[in-house]
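Okay, structure first, notes after.
Keep in mind that this is a model prediction, so the values were computed, not measured.
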Amino acid sequence: MPRPRPVKRIEPDAPPTDFRAAVLAVVARIPKGRLASYGQVALLAGFPQRPRQVGMVLSGLPEGTALPWHRVVNTRGYVPSRGRWWGAMEQIGRLRDEGIEVDDQGNLDLEAHRWRPRGR
């Protein structure tokens, strides 16, 4: 019986070290009362295939950060809460404080509040 051929594993490229800085710079520009999706932030940061990594960067921010992380939501128009309901409740409260209507499950109208930066 022939031996199976070894499979060469292809490792994905790690995001460049400036990925985090690019994401934080985009998020810092989102104005009060406006929203962006994780995918939109990734695209504007120059990494269109990395929306999940945007979420990882934002979830790792220190407590009390001045960065408006709460203005970044799921592309389907809701505040993700899987495994972090306390953070979702804080995000919902902050969005409501900015005049964005969010129901108790975290659903909102992303398109009504979508940030559209000039030149894009």
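To the nearest 0.5 Å, atom CD of residue Q49 and atom CG of residue L43 are 9.5 Å apart. L108 CG to I92 CD1: the interatomic distance, rounded to the nearest 0.5 Å, is 8.5 Å. Taking CG of D103 as the reference point, atom OH of Y78 lies at 12.5 Å (rounded to 0.5 Å).
Residues F47 and D18 meet the side-chain proximity criterion, which asks for heavy atoms closer than 4.5 Å. Residues W115 and L44 meet the side-chain proximity criterion, which asks for heavy atoms closer than 4.5 Å. Under the 4.5 Å side-chain criterion, counting only non-hydrogen atoms from C-beta, Q53 is in contact with F19. Put simply, the side chain of N107 does not reach to within 4.5 Å of the side chain of V102, judged on heavy atoms. Q40 places none of its side-chain heavy atoms less than 4.5 Å from the side chain of V26. At least one side-chain heavy atom of L35 sits less than 4.5 Å from a side-chain heavy atom of I100.
Scanning both residues, A45 and A22, for their nearest heavy atoms gives O-CB, 3.7 Å. Across all their heavy atoms, P51 and A42 have their closest contact at N-CB, 3.9 Å. Closest of all the heavy-atom pairs between G77 and L110 is CA-CB, 4.1 Å.
Under the side chain to side chain donor-acceptor pair (under 3.5 Å) criterion, E111 pairs with R114, R116, sequence neighbours left out. By the side chain to side chain donor-acceptor pair (under 3.5 Å) test, H113 pairs with no residue at all, sequence neighbours left out. Residues passing the side chain to side chain donor-acceptor pair (under 3.5 Å) test with D109, sequence neighbours excluded: none. Residues satisfying the side-chain contact (heavy atoms from CB on, under 4.5 Å) test with A88, not counting sequence neighbours, are V79, S81.
The salt bridge (charged side-chain N to carboxylate O under 4.0 Å, His left out) contacts involving residues 55-74 comprise R71-E98, where partners must be two or more places apart or lie in separate chains. Sorted by first and then second residue, the pairs that involve residues 88-97 and meet salt bridge (charged side-chain N to carboxylate O under 4.0 Å, His left out), not counting sequence neighbours, are E90-R94, R96-D104.
Between the S59 side chain and the M56 main chain, a donor and an acceptor come within less than 3.5 Å of each other.
Exactly one residue among L58, T75, V73 makes a side-chain contact (heavy atoms from CB on, under 4.5 Å) with Y38. That residue is L58. Each of V27, L67, V57, V23 was scored for a side-chain contact (heavy atoms from CB on, under 4.5 Å) with V72, with one residue passing: V27.
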